[in-house]
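Comments concern the structure below.
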There are 2 protein chains.
Amino acid sequence: MKTRLDCIPCFLRQALGVARATTNDINIHRRVLNEVAGLIPELPLEITPPEIAQKVYRLTYQITGNNDPYQTEKRKANERALTLYPYLKKAVADSNEPLLAASKLAIGGNSIDLGPTSRYASIDSIVAPALADELNISDYESFCNSVNESSRILYLGDNAGEILFDRILIEEIKQIKEISVDFVVRESPIINDATMADARYVGLDRVANLISSGSDAPATILSQCSDKMLELYYTADMIIAKGQGNFESLSEEEGNIFFLLKAKCEVIAKMLGVGIGDAVLKKQTLSLSHPVL
Amino acid sequence: MKTRLDCIPCFLRQALGVARATTNDINIHRRVLNEVAGLIPELPLEITPPEIAQKVYRLTYQITGNNDPYQTEKRKANERALTLYPYLKKAVADSNEPLLAASKLAIGGNSIDLGPTSRYASIDSIVAPALADELNISDYESFCNSVNESSRILYLGDNAGEILFDRILIEEIKQIKEISVDFVVRESPIINDATMADARYVGLDRVANLISSGSDAPATILSQCSDKMLELYYTADMIIAKGQGNFESLSEEEGNIFFLLKAKCEVIAKMLGVGIGDAVLKKQTLSLSHPVL
């Protein structure tokens with residue numbers, strides 16, 4: 001999707017949040033706002049929101065001198081999610097439809113995001129509603145069929161903490177059938193997105209082949225991805241794309257993509273026809289003549 | 001209060017909302033965003049948010065060539081509020097505490113604001129919760145005492161539509177005692193704030209002396225007010241200040257001021273220790289040695 005004008009004030013708000021997470025120096029907060037404001041007239045709106053976010057975060061990291069301001073939050077999210085692992089496994093095992101339960105948890109885990117808002121509800125509080133509530137958009141039947149027909153899945157991860165929930169889903173998929181999963185992380189820290197170290201920390205290396213996207217974008221910008229990643233992308237039987245960033249960057253790309261996310265801002269909620277906070281499992285329906293969005 | 005850095009992305013969002021209310025031309029929307037972004041590095045944060053809003057709206061009106069983009073919304077709000085007049089009068093008369101009921105309605109009417117958000121719930125839907133819910137901050141006892149001890153009240157109005165609710169409160173005050181009320185409107189249109197024409201339309205001229213602040217600020221910026229207005233301000237026994245803008249501009253001014261408002265953004269809600277959407281009737285408690293906020 002292209003960036004909307006509504007995204008521009010949001011980027012400014014995000015930059016301020018990052019500056020505050022890094023330092024208490026209000027002169028630096030102000031400088032970040034001023035310099036990000038200076039970017040605005042030059043921002044090309046024909047690119048996707050995460051491509052602009054990448055520019056905004058890079059500039060902010062450069063000004064603050066800290067290229068991983070959410071390092072502590074990421075570590076805590078991974079640790080907390082890991083402690084929930086036995087409970088989540090039992091909840092899935094006890095469910096009437098374990099794959100659906102695991103999918104719902106993976107979507108619920110996408111709440112652990114410091115981009116659209118500067119805080120999220122506690123990780124513990126995500127679990128019960130994720131399991132109990134219906135999906136607001138559900139292409140679950142298609143998702144099941146695709147899992148059954150696939151022998152290789154490319155799984156595009158999103159945030160630290162969330163990736164433990166992704167591990168649960170991958171393990172559940174592997175219960176159903178023998179399948180190879182490649183799990184993609186960001187090349188370097190951006191927002192609270194998961195990198196290789198995060199993926200290893202939550203044990204994703206035990207259930208998937210880990211690979212970096214080759215880019216620090218908080219999304220899957222194909223033009224920035226490594227050749228290895230692109231090879232996996234174009235040859236996978238099924239792509240599971242987690243989170244708003246991956247949706248924003250791939251919503252106009254063709255493929256057997258399933259977007260699993262929580263809608264977290266008005267632009268995305270409106271685009272999907274859901275409310276903010278709603279849970280989405282959506283199959284990519286793009287054809288060249290009928291763009292989905 | 002001084003402007004917070006959080007206000008800056010919000011001004012940008014408001015400018016976009018105004019541009020969209022004026023024209024469908026996305027090139028103009030973009031130009032507004034770019035030019036308001038250009039103001040950011042020069043914005044002095046030691047002034048109040050409505051003083052900055054005044055600069056932002058003036059610039060936006062200049063770019064769009066429309067200095068009253070919410071004219072239709074204002075007219076509709078006045079019309080709709082007027083149709084509710086008999087119902088509101090009866091609700092107040094039937095209440096056990098008519099002055100409290102009228103105060104709650106006046107605070108509820110402050111929801112009719114196109115600054116902090118680009119839309120509000122329907123005017124009809126404001127009434128029942130305004131009457132039923134407790135005030136989240138209530139200096140109502142002090143408010144009653146002040147009404148009883150005053151012979152001249154200066155009433156600082158806020159938005160079109162809302163001012164019909166203010167008329168109800170003024171009529172209720174006048175039921176209690178013979179009292180003179182001066183009602184202040186903005187000098188010229190800004191956001192959906194009430195001007196002289198709006199006040200006359202809802203019949204405020206029947207219950208109060210109408211006066212312009214002398215300024216187009218969406219607030220009461222004393223340094224911009226006319227001599228006549230300042231004379232009334234400094235000699236009134238009691239000042240009723242409606243809405244966030246009047247609160248933001250007078251929160252550090254001394255006086256027997258009662259702020260009646262709905263908290264509409266995180267900055268103000270946090271400052272007041274309430275939630276967004278909460279109803280506030282707060283007496284000014286400023287003394288020179290202990291600033292209230």
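Chain A is the first sequence line, chain B the second, and so forth, proteins listed ahead of strands; every chain is numbered from 1.
For residues 34-44 of chain A, the interface with chain B (any heavy-atom pair closer than 4.5 Å) comprises A:Asn34, A:Ala37, A:Ile40, A:Pro41, A:Glu42, A:Leu43, sorted by residue number. For residues 50-67 of chain B, a heavy-atom distance under 4.5 Å to chain A picks out no residue at all.
Here the CZ atom belonging to A:Arg4 is positioned 12.5 Å from the CG atom belonging to B:Leu16, to the nearest 0.5 angstrom. Expressed to the nearest 0.5 Å, how far CG of B:Leu5 lies from CZ of A:Arg20 amounts to 5.5 Å. Atom CD1 of residue A:Ile8 and atom NE2 of residue B:His29 lie 12.5 Å apart, to the nearest 0.5 angstrom.
Open room surrounds CD1 on A:Ile26; 12 or fewer heavy atoms of other groups in view lie less than 6.0 Å from it. Enclosure of atom CD in A:Glu266 is not indicated, since only 12 or fewer non-hydrogen atoms of other residues, nucleotides or ligands lie within 6.0 angstrom.
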